[in-house]
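Worksheet for the structure shown next.
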Amino acid sequence: MKRDCPTIQELLAFDAVARHESITLAAGALCITVSAVSKQIAGLESFIGRPLLRKSGRGVQLTPQGRVYWQKIAGGLRAIETATFEARSGDAGAGLLTLASVPTFLTKWLIPRLPAFSQQSRHVTLSFSRHLEPTDGIPAGVDAAIRYGSDAWPGVVSEYIAGREFVLIAAPARLGGGHRIARPADIVGHTLLHHEGAPTAWRQWAAQHAVPEIHTTAGPRFAQYSALIQAVQSGLGLGLVPRVLVEAELAEGTLRLPCGEPVTVDQGHYLCYRADRLHLPAFAAFREWVLGEGARSQGG
């Protein structure tokens, strides 16, 4: 009898190659040989009747037809994984939840809190995908993304978690002797460090503390808060960052708040997801927990 669908082995190989953009990495993820992955991809392309992948440097990329096909099947494959997980666990509330997150928030805020979530929701397994670029949509294989910005992502539900409160931070070594910063005006003459995703934060801080804006426009730019925070700790300059990202450093004394009141900006970390995710028990449990943690971390 002529089959109407590819084999599950072909689909899993294609999905792995699409996610990793590498046949070698896909083989490692599937615990099979590179030649076996290549054979499955060749079989799938023969069945479909058109190329789904093309070489790109040392890796591979999806063709336009391949990307459309992957976007349509990836959700089904994740649904099969989740259903199988639930069936094996015997718990209808169990599930595999795949998340993407901006790196600094993931390592400094989310991961330290995850043991509490694991205790509360023992049958939910979390899997983390690569973080999304500002212009990326949520891929078919990702249930939700934690993104940083101004709540301007079309086509998804976005709910604020934390990160709007910015504080001035400095390394203790920069606060001694002639570097003393006792009032906002004392930042004049210090190197100020900026985050590319919060271009107006220093301007707002300067306006709130009556510091001429001209003194807060220059200085090195950083794409990640982790790098900016490390630069402050290393004595490169002063930083203005979301307080939730430096809680541990402030408690340990490796960073200090030299002066000034926090400033509230129109950016923060948001949980972004497609509305159809809400019916999944695993996602519903995570959403309720992470939004609650966000409120508690800000005293709200």
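Numbers here simply count residues along the sequence, with the first being 1.
For the pair Q224/P103, a side-chain contact is recorded, criterion being any heavy-atom separation below 4.5 Å from C-beta on. At least one side-chain heavy atom of T191 sits less than 4.5 Å from a side-chain heavy atom of L193. Using a 4.5 Å heavy-atom threshold, the side chains of W109 and E293 count as touching. By the 4.5 Å heavy-atom criterion applied to side chains, W202 and L168 are counted as neighbours. No side-chain heavy atom of Y270 sits less than 4.5 Å from a side-chain heavy atom of V156. Side-chain contact between T125 and L97 is absent, with no heavy-atom pair separated by less than 4.5 Å.
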As a quick check of understanding, evaluate side-chain contact (heavy atoms from CB on, under 4.5 Å) for I23 and L53, giving each step before the final call. CA-CA 10 Å; I23 291 178; L53 300 167; 5.5 Å; no
Working note: S297 + R113, criterion side-chain contact (heavy atoms from CB on, under 4.5 Å); need CA distance, chi angles, decisive distance, verdict. CA-CA 11 Å; S297 73; R113 290 170 167 79; 3.7 Å; yes
Candidate pair I48 and F14, rule side-chain contact (heavy atoms from CB on, under 4.5 Å), full reasoning: CA-CA 12 Å; I48 297 293; F14 175 62; over 6 Å; no
Full working for side-chain contact (heavy atoms from CB on, under 4.5 Å) between R58 and T24: CA-CA 10 Å; R58 295 185 178 180; T24 301; over 6 Å; no
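At least one donor-acceptor pair under 3.5 Å links the side chain of H195 to the backbone N or O of G197. Checking side-chain atoms of T104 against main-chain N and O of S226 turns up a donor-acceptor pair under 3.5 Å. Between the H194 side chain and the A218 main chain, a donor and an acceptor come within less than 3.5 Å of each other. Side chain of S46 to backbone of A42: no donor-acceptor contact under 3.5 angstrom is found. Counting only distance, with no hydrogens or angles, the side chain of D143 and the backbone of L99 share no donor-acceptor pair below 3.5 Å. Panel note: side chain R274, backbone I138; a donor-acceptor pair is recorded below 3.5 Å. Between the side chain of T63 and the backbone N or O of P51, at least one donor-acceptor pair lies under 3.5 Å. Put simply, the side chain of T33 gets close to the backbone of A36: a donor and an acceptor are under 3.5 Å apart.
The CG atom of L250 lies 10.5 Å from the CG atom of L245; values are rounded to the nearest 0.5 Å. Atom CG of L52 is separated from atom CH2 of W70 by 13.0 Å, given to the nearest 0.5 angstrom. Taken from CD in E288 to CD in Q120, the straight-line distance is 7.5 Å, to the nearest 0.5 Å. In this structure, Q9 CD and L44 CG are separated by 12.0 Å, a value rounded to the nearest 0.5 Å. Here the CD atom belonging to Q40 is positioned 9.0 Å from the CG atom belonging to L12, to the nearest 0.5 angstrom. Rounded to the nearest 0.5 angstrom, H269 NE2 and L271 CG are separated by 12.5 Å.
Aromatic rings of F105 and Y148 (six-membered ring for Trp) have centroids beyond the 6.0 Å cut-off, not under it.
The nearest pair of heavy atoms linking P64 to R54 is CD-NH1, 3.9 Å. Scanning both residues, G239 and L228, for their nearest heavy atoms gives CA-CD2, 4.0 Å. The shortest heavy-atom contact between S158 and C272 is CB-SG, 3.8 Å. The minimum heavy-atom distance between L106 and S101, with the atom names listed, is CB-OG, 3.6 Å. The two residues Y225 and V241 come nearest to each other via the heavy atoms CD2-CG1, 4.0 Å. When all heavy atoms of I169 and V232 are compared, the closest pair comes out as O-CG1, 3.8 Å.
With a 6.0 Å radius and a threshold of 12 heavy atoms from other residues, nucleotides or ligands, R50 has its CZ atom at or below the threshold. E261 CD: 12 or fewer foreign heavy atoms inside a 6.0 Å radius. Environment of CD in Q208: crowded, with over 12 heavy atoms of neighbouring residues, nucleotides or ligands closer than 6.0 Å.
Connection of V188 to L192 is not established within any shared hydrophobic cluster, with ILVMFWY side chains joined at heavy-atom distances below 4.5 Å, either directly or through further cluster members. Each of V68 and L62 belongs to its own hydrophobic cluster when Ile, Leu, Val, Met, Phe, Trp and Tyr are linked at side-chain heavy-atom distances under 4.5 angstrom. No path of Ile, Leu, Val, Met, Phe, Trp and Tyr side chains, each step under 4.5 Å between heavy atoms, connects L25 with L30, placing them in separate hydrophobic clusters. Under a hydrophobic-cluster definition in which Ile, Leu, Val, Met, Phe, Trp and Tyr are linked whenever side-chain heavy atoms come within less than 4.5 Å, directly or via other members, I111 and V246 are assigned to the same cluster. Cluster annotation: Y69 is connected to I8 through the hydrophobic network of ILVMFWY side chains, with a link wherever side-chain heavy atoms come within less than 4.5 Å.
R277 and E159 are not joined by a salt bridge, as no carboxylate oxygen comes within less than 4.0 angstrom of a charged side-chain nitrogen.
Classification of the F117-F286 ring pair by plane angle, with boundaries at 30° and 60°, yields perpendicular.
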